Amino acid sequence: MNQSTVFSGDIPLFGFKDLLVAFSGGLDSAVLLHAVAGLRHQQNIRVRAVHIHHGLSHYADDWVTHCRQFCRSLDIPLRVEYVQLDTRALGTEASARQARYGVFSRLLNPGEALLTAHHQDDQCETLLLALKRGSGPAGLAAMPAVMPFSCGSILRPLLSCSRRQLAGYAEQHDLRWIEDDSNDDPAYDRNFLRLEILPLLTRRWPHFPSAVSRSAGLCGEQEALLDELLQDELAGLITPQQAIPVAPLTDISPLKRAAILRRWLACCGALMPSRSQLARIWQEVACSREDANPRLVISGGEIRRYAGHLWWVRCFQGQRDTRLDWPDLQVPLILPDNLGQLISAPQGIRLRLPDRATQVSVRFSAAGRLYIVGRDRGRSLKKIWQECGVPPWLRENTPVLFYDDEPVCAPGVFVCQHAQPAESADSQCWFLQWQQEEQSKD
């Protein structure tokens with residue numbers, strides 16, 4: 001098997017000149033990175049790799065060493081990213097995946113393609129897991145070969161290749177790879193399928209994985225058609241804040257409403273809900289009393305209703321008592337619980353530059369009355385949140401900048417009057433941006 005046959009000819013890999021390869025160091029990603037490296041000169045493409053250190057294995061540091069050596073041998077730059085997992089809400093597998101795609105989203109450059117090493121056997125496992133969950137056509141469509149992601153795209157060039165073919169390629173090119181010790185643990189659903197179920201199926205029906213892949217493709221075509229038919233209507237419903245109004249959904253059929261809600265959740269980066277979960281979203285949240293504050297934990301986050309709209313929000317821990325000092329404004333301030341970072345930037349919120357004696361900090365609450373730009377009277381922070389339409393779940397997770405003990409601004413919400421610089425004092429001002437984490441939609 002040579003390099004040209006690793007990739008499916010109908011995948012538009014060569015439309016991208018900049019590629020970021022997700023490199024775990026295992027067999028699949030080793031084959032992918034080696035094959036892409038061989039195409040650099042003839043296709044005039046630029047390749048870099050990223051390895052995620054999850055800290056789940058005792059061998060994780062050794063894997064970093066191997067990945068660096070492998071990339072050095074191919075003259076490919078490698079970036080190693082360390083993540084910490086909170087497995088309480090989603091479990092180990094889903095939390096690790098969420099952390100990976102959060103890193104990928106942050107690192108991907110505009111117009112760049114993220115390459116992952118998913119192959120035909122992975123596709124088969126994904127569809128079987130979707131069947132186990134009782135998924136509909138969207139879930140059974142499994143993984144598309146090409147899809148938008150962050151500011152670029154995700155490409156899966158190996159979906160037409162079996163694990164056996166990849167092993168043959170690795171043997172032919174004398175590649176070395178790492179073996180994740182967790183891959184032998186059948187306690188994980190995907191491992192159970194790969195180790196115990198798929199070998200039985202393929203012994204009886206050797207072409208089972210390729211047949212499953214075709215079924216996934218047909219489901220994907222049906223979903224693509226529905227996406228096209230509902231695209232304009234959905235775009236007219238979803239607000240810039242990614243909320244969706246309840247009222248227009250009451251006058252359509254339950255089938256169409258479910259299709260719209262699924263696509264809305266996909267736009268939010270949520271995991272696809274089951275049929276029963278969709279019913280609960282409508283009955284328990286959308287149709288709850290007007291004075292209620294409904295909340296349904298689902299799809300890796302929470303469904304909320306606020307101001308006549310449904311919202312999907314990531315589960316946050318309230319930061320009301322958190323204080324972060326920011327001694328050097330030229331260094332980004334990382335916010336807790338994946339809330340993003342505050343940075344000094346060429347554009348953003350224009351603020352009075354603090355003097356050297358001023359202690360700059362970030363908090364998530366403020367006492368007393370605040371006098372903000374555009375208001376003639378002082379107001380409490382709670383009143384400002386209400387007037388500015390900040391949903392309740394964001395109020396203890398929106399950073400408030402302080403100079404000493406004086407509130408200055410909440411990025412994107414308000415600026416206090418005393419923090420405004422004079423119009424002619426450009427040398428005495430700076431610009432603040434709040435860069436929030438994007439969620440994976442894959």
Side-chain angles (χ1 to χ4, degrees), residues 79 81 102-103 105-111 150-151 240-242 314 316-391 393-439:
R79 178 159 180 166
E81 289 283 325
V103 171
S105 176
R106 174 165 53 84
L107 294 184
L108 201 65
N109 294 322
S150 186
C151 56
Q241 295 78 30
Q242 296 286 78
R314 187 165 60 86
F316 292 103
Q317 296 179 353
Q319 302 295 326
R320 180 178 180 82
D321 299 324
T322 298
R323 171 180 172 145
L324 305 170
D325 291 327
W326 197 0
D328 185 353
L329 299 182
Q330 299 307 310
V331 177
L333 181 68
I334 307 299
L335 301 177
D337 200 20
N338 295 318
L339 293 175
Q341 60 182 350
L342 297 181
I343 64 169
S344 296
Q347 295 181 334
I349 301 171
R350 188 171 183 266
L351 300 171
R352 173 176 57 83
L353 190 68
D355 59 42
R356 292 186 177 181
T358 300
Q359 289 187 331
V360 180
S361 64
V362 168
R363 310 173 197 181
F364 295 84
S365 63
R369 301 179 73 80
L370 282 65
Y371 293 83
I372 67 174
V373 174
R375 304 287 197 278
D376 56 356
R377 295 182 295 106
R379 289 163 168 77
S380 68
L381 183 58
K382 179 179 179 180
K383 187 67 174 178
I384 293 173
W385 292 144
Q386 292 172 343
E387 292 181 355
C388 294
V390 177
W393 57 89
L394 293 181
R395 295 173 188 175
E396 292 187 358
N397 293 285
T398 298
V400 180
L401 188 73
F402 278 72
Y403 288 171
D404 292 326
D405 288 323
E406 288 292 325
V408 172
C409 73
V413 184
F414 66 82
V415 176
C416 292
Q417 295 174 6
H418 70 86
Q420 278 195 304
E423 289 297 328
S424 59
D426 287 342
S427 62
Q428 299 300 314
C429 74
W430 67 294
F431 294 93
L432 173 68
Q433 279 189 10
W434 178 15
Q435 293 184 342
Q436 301 184 57
E437 295 285 345
E438 293 188 40
Q439 301 300 304

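The analysis underlying the following values was restricted to heavy atoms, covering all of them including side chains, and did not include hydrogens, waters or symmetry mates. None of the values given here were measured: they were computed from a predicted structure.
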Without swapping roles, check the side chain of Ser344 against the backbone of Leu329 for a donor-acceptor pair under 3.5 Å. yes

Residue list, side-chain hydrogen bond (donor to acceptor under 3.5 Å, both in side chains) with Asp325, at least two apart or on another chain: Arg323

Using side-chain hydrogen bond (donor to acceptor under 3.5 Å, both in side chains) as the criterion, list what pairs up with Ser380, not counting sequence neighbours.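 So Ser380 forms no side-chain hydrogen bond (donor to acceptor under 3.5 Å, both in side chains) with any residue.
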
Straight-line distance of [X] [atom1] to [Y] [atom2], nearest 0.5 Å:
X: Asp328; Y: Leu333; atom1: CG; atom2: CG; result: 11.0 Å
X: Ser361; Y: Leu401; atom1: OG; atom2: CG; result: 7.0 Å
X: Ser150; Y: Leu108; atom1: OG; atom2: CG; result: 5.5 Å

Taking only residues two or more places apart in sequence, or in another chain, which ones meet [X] in a side chain to side chain contact (heavy atoms under 4.5 Å, CB included)?
X: Ile343; value: Pro332, Gln341, Ala345, Gln433, Gln435
X: Asp321; value: none
X: Ser365; value: Arg320

If you look only at pairs with a residue in residues 361-378, which of them pass as a salt bridge (charged side-chain N to carboxylate O under 4.0 Å, His left out), with sequence neighbours excluded?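 Non-adjacent pairs meeting salt bridge (charged side-chain N to carboxylate O under 4.0 Å, His left out): Arg363-Asp405, Arg375-Glu387.
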
Indicate the atoms forming the closest heavy-atom contact of [X] with [Y], along with that distance.
X: Leu335; Y: Pro399; result: CD1-CG, 4.0 Å
X: Phe414; Y: Leu381; result: CE2-CD1, 3.8 Å
X: Cys416; Y: Pro407; result: SG-O, 3.4 Å
X: His418; Y: Val408; result: CE1-CG2, 4.4 Å
X: Pro346; Y: Phe431; result: O-CD1, 3.6 Å

For Trp434, all residues meeting ring pair (Phe, Tyr, Trp, His ring centres under 6.0 Å), sequence neighbours excluded: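 By the ring pair (Phe, Tyr, Trp, His ring centres under 6.0 Å) rule, Trp434 matches no residue at all.
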
Of all residues at least two apart in sequence or in a different chain, which pass the salt bridge (Lys or Arg N to Asp or Glu O under 4.0 Å) check with Glu81? Arg79, Arg106

Could you list the residues that satisfy salt bridge (Lys or Arg N to Asp or Glu O under 4.0 Å) with Arg352, not counting sequence neighbours?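 Listed in chain order: nothing, the list is empty.
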
Is the number of heavy atoms from other residues, nucleotides or ligands under 6.0 Å of Gln417 CD greater than 12?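 Count over threshold, so yes.
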
Quick note, ring pair (Phe, Tyr, Trp, His ring centres under 6.0 Å) partners involving residues 318-361, not counting sequence neighbours, are Trp326-Trp430

